[in-house]
A.B. asks: 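Okay, here's the structure, questions in a sec.
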Amino acid sequence: MLDLFVLPHHWIMLLRNFALRLLALPVAISLAADYFQPNGTGIKLQNGFERVYIQPFGNHGFRVRATILRDPTGNEPSALLDPPLEGPSSKGLEHSINAPFMGNGTIRNGNLVVEVLLGATSFYRVEPNGTRALLTREYKDTKAPYARNYVQNIIGSAYQAQFTFSADPNEIFVGTGQHACCNDHSVNKKGQVIDLYNYNSHVTLPVWMSNKGYLMFVNYPGNGRIEFDRLKTRFVADETTVFDYYITTAPVGDYDSLQQQFTAVTGRQPTPPDFILGYQQSKLRYYNQTQITTLAQRFHDENVPVSLIVVDFFAWKFQGDWSFDSSVWPDPAAMAAEVKKLTGAEMMVSLWPSVEDLSVNYLALQEQGLLAIERGGTGITDSFAGVYTRLIDSTNPAAREFLWKRLNDSYFSKGIHNFWIDQADGGSLGEFYVNNGQDPLITIPYPRPFTQYFLGSQESTGKMYPWLHQQAIEEGFNNLTNRNPSTATSCDHMSLTRSTFVGGQRFCSYLWSGDTDSRFDVLLQQITTGVSVAASGISSWTLDIGGFAGLNVDTDEGKELFVRWFGMGVFLPYTRVHGTRSCNITVRTSPLPHANDCPNEPWSYGPENFIILKKVSSFLLLLPRYTNLGNVRQYIALRYQLIPYVKKLFQDLQKTGRVIMRGLYLDFSLSDDFVVKATQANDPVVIHQFMFEDPMIIFLVENQLFKVHRHYLIQESRVFSDMFSLPVEGDKAEGMTDEQPVHLPDVTIKEFEALLRHFYSLPYDKPSAIVPRNSRERELDLLSVAHRFAFDRLFQSLVRQIAPTEFPIAKRISLGDKYGLDKWLLSAFEEILDRKKSLCSNEAAALGLDRVMCYIRARDFMHQEQLEISQQDLQYNKSRVENLEKERLKWPGQRRNIAWAYQSFESEGADTSAPPSRAVTSTAAVVKKYFHVS
């Protein structure tokens, strides 16, 4: 038997507006319920001396490994998780189909089919109607090089590999990681050559998504390039022993599924700790302990929240010490404790991978072989400010252990738990050039060092160097806190890194965009950078608010740039201020290296801008679409109000890989042809915009549009939670555009504004747990909208807070009826029954005819009961008087009045007999009996 229920009318009205979204639901269900399991374990193609293994891997995916002369060993450097988090594993080199020279074979995994025909590989997506759509194939033409081409001009078993895949002339490719500052304003990489080298601000990643509905990742951490040509895409790996790539598919426009499947095979970002999602204060540089404690005191005194205070480079005595210079940092533990006491903030400290000869650790690292070497020399890979340096070899597990022990002794054990991995880009000391920090020597075009690691050469494995630096911190975190990385989904501490590789998102770490120029055009360029990194699987990303270099805090232009950059920075995964600033200070006060006294704090940009940073519209980018409600909030505090929302984005990222910083193509490719064409053309109108996780919802309330984040609505309202759980189907979904808003019936602008004001004025960690006292009118507006949309916690908080007796009886009855508040009704009914005054007209109207009759019957009952009691009292008193008179007559010789006789009568123990017992019905009982209110 089915249990039937009836939805309230306003629920029906809301859900009706979203009914079209249900059209997409059967597809989503069918993918889960009818997933096509792999119909084979793999294909082995033996093509002369070449061997190609094609195996189902992850959901709707395949892993392809090609080698010459010998099989893959399985021990090659890899960013892939095997087994993946979701979907089938490659199971070594297992295969069920042997394809001989010029052979054929077909295998399917989910909706992805790979077909080998005459030794050439093609990939197809199975469409809902059963047809196949070609995604890409190994490129062939009448006259063209081999699609799989090998050049073995390297000593040893390594070779250069060139793999070429077909592409459509108008195909859009997004991703490929982070491109160097500062001129590349592109999201679509079609027509570009992507250099696969890591250096300051340049963190290219060999992963891309196509608007045809597929994602490719080449599992190669070395030097090379990607050529996105008109009809083909060529990948060149400079030095490798296996060409290893992964491909997956999803319906056209469903980029989120591509990311879910990709992060299932490369790892997902653990949810960061709450504190790191707040405001992060940094500059180049605070150069002694007193500056840090003074800074913390100023944040405390200004009542500006801060969550992380950062100590930048050269807080050490020598590079490679990985400890504070005790002459200016005498008591790190006391400093960290003082910062915590004053602000509640954590601390972060910078570490560089460079080691100079004077470092306390230099000899031990040399003797134990824990430094990288250079192919033709002593291991010197660069110099900084005139000092030759070597790199600790973080690809060596013993070097990672050595590094962490020093970090623990110097920092972690003293209360500084977060680390900034700077300059660890690999090869040289963080730049593509050498002689770092020695202008103009950096212009001499020396080749990059041929650095050799425990893992391999810079050419073949260099992109793993920063990745394994991140792992060094991760291993230390895990060992000290007993954290199990295979099961942990959140972090207690974080590292900040300037470089990484695919899979770096599975560490408790976040990437920033490196040393950028402080210019208005770079502010826009950073949007395309962040969007591209996010499309490459790494949403844990941020930047230097204000840019790194070139901002003068004392100029009007510098002040405006900082404030505008800050406005964007509030709506990034992390809000981080950093940079080396210039100012009107001309005399240095410290001989320490890189001791810059120019400020970079929120109050440093003039009192008028400090007000802007602290006080802007509380609805900035959040609430009303076209009006300013005139309320002001603290700007930085706005970030803290957003923390529950940002945390939810990271939780979704951890569960599904859903991108946080979203290019417009992610959400509007199916509904807005202009977005597609503008993305294809890299039109600044579109590519200089992003959505913070997902499109906000546009509501129509009366005649006013509101553009609202969904977080609090989903978190607190059963109505909106149900509404937003429905799938969205392209341009039919309401709430995505001004032309198709979600209409909220029977809600006033005043009520909706009261709801929004409430949520965006709360402490970030206690949404709707405590309702601040407002005017009675505001509370009634909140009560109305909370009841209508099932904001249960808010509604109950208001009910507990508001005393029913604050309202006149008629209003109390009206509200009690409207919101089902029996206690309010009971209070009103008791009051009108207890008083002598009759009902007035507005009370009678509020009661209604039926309850007026209940009132008359209840009053009649109470009057009748009072009459009966009065009659009983009269009879009792009459009897008492008669008895007293009889007693008085017993003493005729004495002149005694009745009062004296009564007292004597009682004092002598005469029988006075108690009045008859009678039960008086309470008013509450009468109300329950006649008004049926419990």
Side-chain angles (χ1 to χ4, degrees), residues 31-46 51-67 70-99 105-116 121 123-126 135 163 205-207 209 214-221 240-250 257-270 464 467 471 484-489 501-507 537 654-657:
L31 291 178
D34 303 326
Y35 185 85
F36 190 98
Q37 297 297 325
N39 57 1
T41 58
I43 299 173
K44 178 184 178 182
L45 171 64
Q46 185 76 44
R51 307 166 187 212
V52 181
Y53 290 87
I54 307 168
Q55 298 169 294
F57 193 65
N59 288 329
H60 309 288
F62 282 95
R63 182 181 186 183
V64 181
R65 283 176 283 181
T67 60
R70 57 188 64 82
D71 285 340
T73 65
N75 296 320
E76 296 87 1
S78 173
L80 292 172
L81 296 173
D82 197 1
L85 300 176
E86 300 161 4
S89 166
S90 59
K91 299 178 182 178
L93 298 177
E94 186 176 337
H95 58 280
S96 54
I97 299 173
N98 281 292
T106 302
I107 192 169
R108 177 178 175 184
N109 177 23
N111 289 334
L112 185 60
V113 172
V114 59
E115 179 182 79
V116 178
T121 304
F123 298 94
Y124 301 86
R125 180 179 54 249
V126 179
L135 301 174
F163 274 50
L205 302 171
V207 54
M209 294 191 293
Y214 68 93
L215 176 150
M216 290 191 75
F217 162 53
V218 179
N219 187 26
Y220 168 67
T240 187
T241 58
V242 57
F243 193 88
D244 182 358
Y245 69 93
Y246 160 83
I247 183 171
T248 187
T249 189
S257 289
L258 292 177
Q259 286 294 316
Q260 178 170 358
Q261 290 147 209
F262 174 57
T263 56
V265 301
T266 58
R268 297 206 175 115
Q269 178 71 43
M464 295 297 285
W467 196 89
Q471 183 167 312
N484 185 345
S486 63
T487 58
T489 59
F501 186 57
V502 171
Q505 72 271 9
R506 59 184 183 247
F507 298 132
Q654 199 285 319
K655 292 175 183 176
T656 68

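For this chain, numbers begin at 1 and follow the sequence in order.
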A.B. asks: State, to 0.1 Å, how close Tyr220 and Phe501 come at their nearest heavy-atom pair, and which atoms those are.
C.D. replies: O-CZ, 3.4 Å
A.B. asks: Where is the tightest heavy-atom contact between Tyr246 and Gln261, given as atom of each residue plus distance?
C.D. replies: OH-O, 3.3 Å
A.B. asks: With sequence neighbours excluded, what pairs up with Phe262 under the ring pair (Phe, Tyr, Trp, His ring centres under 6.0 Å) test?
C.D. replies: Phe217
A.B. asks: When rounded to the nearest 0.5 angstrom, what distance separates CE in Met209 from CE in Met216?
C.D. replies: 14.0 Å
A.B. asks: Between Tyr214 and Arg125, does the side-chain contact (heavy atoms from CB on, under 4.5 Å) criterion hold? Intermediate values first, please.
C.D. replies: CA-CA 9 Å; Tyr214 68 93; Arg125 180 179 54 249; 5.7 Å; no
A.B. asks: Taking all non-hydrogen atoms of both residues into account, name the closest pair between Leu81 and Ala264 and its distance.
C.D. replies: CD1-O, 4.4 Å
A.B. asks: May I ask you to decide if Arg70's main-chain N or O and Thr67's side chain share a donor-acceptor pair within less than 3.5 Å?
C.D. replies: yes
A.B. asks: Can you sort out the partners of Phe507 under ring pair (Phe, Tyr, Trp, His ring centres under 6.0 Å), two or more places apart, ordered by chain and number?
C.D. replies: Trp467
A.B. asks: Looking at residues at least two apart in the chain, or sitting in another chain, which of them share a side-chain contact (heavy atoms from CB on, under 4.5 Å) with Pro83?
C.D. replies: Ser89
A.B. asks: Do Thr249 and Tyr124 touch side chain to side chain, with heavy atoms closer than 4.5 Å?
C.D. replies: no
A.B. asks: Would you please name every residue forming a side-chain contact (heavy atoms from CB on, under 4.5 Å) with Ile107, sequence neighbours left out?
C.D. replies: Asn39, Ile43, Pro56, Phe62, Val114
A.B. asks: Mind listing the closest non-hydrogen atom pair of Thr263 and Gly537 along with its distance?
C.D. replies: CG2-O, 4.4 Å
A.B. asks: Apply side chain to side chain donor-acceptor pair (under 3.5 Å) to Gln259 and list each qualifying residue two or more places apart in sequence or on a separate chain.
C.D. replies: none
A.B. asks: Partners of Thr241 by side chain to side chain donor-acceptor pair (under 3.5 Å), sequence neighbours excluded?
C.D. replies: none
A.B. asks: Could you pull out all residues at least two apart from Glu94 that satisfy salt bridge (charged side-chain N to carboxylate O under 4.0 Å, His left out)?
C.D. replies: none
A.B. asks: Does a side-chain heavy-atom distance below 4.5 Å link Ile54 with Leu45?
C.D. replies: no
A.B. asks: In chain order, what residues pass the salt bridge (charged side-chain N to carboxylate O under 4.0 Å, His left out) check against Arg65, with sequence neighbours excluded?
C.D. replies: none
A.B. asks: Mind checking side-chain contact (heavy atoms from CB on, under 4.5 Å) for Asn484 and listing every partner two or more places apart, or none if nothing turns up?
C.D. replies: Ser486, Thr487
A.B. asks: Taking side chain to side chain donor-acceptor pair (under 3.5 Å) as the test, write out the residues that go with Asn109, two or more places apart.
C.D. replies: Tyr35
A.B. asks: Taking all non-hydrogen atoms of both residues, which atom of Gly58 and which atom of Val265 are closest, and how far apart?
C.D. replies: CA-CG1, 4.0 Å
A.B. asks: Using modelled atom types and a 3.5 Å cut-off, is there a donor and acceptor pairing between side-chain atoms of His60 and backbone atoms of Leu112?
C.D. replies: no
A.B. asks: Looking at every heavy atom in both Ser96 and Gly40, which two are closest together, and how far apart are they?
C.D. replies: OG-CA, 3.4 Å
A.B. asks: Once side chain to side chain donor-acceptor pair (under 3.5 Å) is applied, do any residues pair with Asp71, and if so which ones, sequence neighbours excluded?
C.D. replies: Arg51, Tyr53
A.B. asks: Going by the rule side-chain contact (heavy atoms from CB on, under 4.5 Å), which residues pair with Gln260 if we only count those two or more places apart in sequence or in a different chain?
C.D. replies: Glu86, Arg268, Thr656
A.B. asks: Can you tell me if Ser90 and Asp82 form a side-chain donor-acceptor pair at under 3.5 Å?
C.D. replies: yes
A.B. asks: As a test of understanding, state which of Thr248, Asp244, Ile247 forms a side chain to side chain contact (heavy atoms under 4.5 Å, CB included) with Arg63.
C.D. replies: Asp244
A.B. asks: So do Val242 and Asn219 actually touch side chain to side chain, heavy atoms under 4.5 Å?
C.D. replies: no
A.B. asks: Quick check: do Thr121 and Val64 have side-chain heavy atoms less than 4.5 Å from each other?
C.D. replies: no
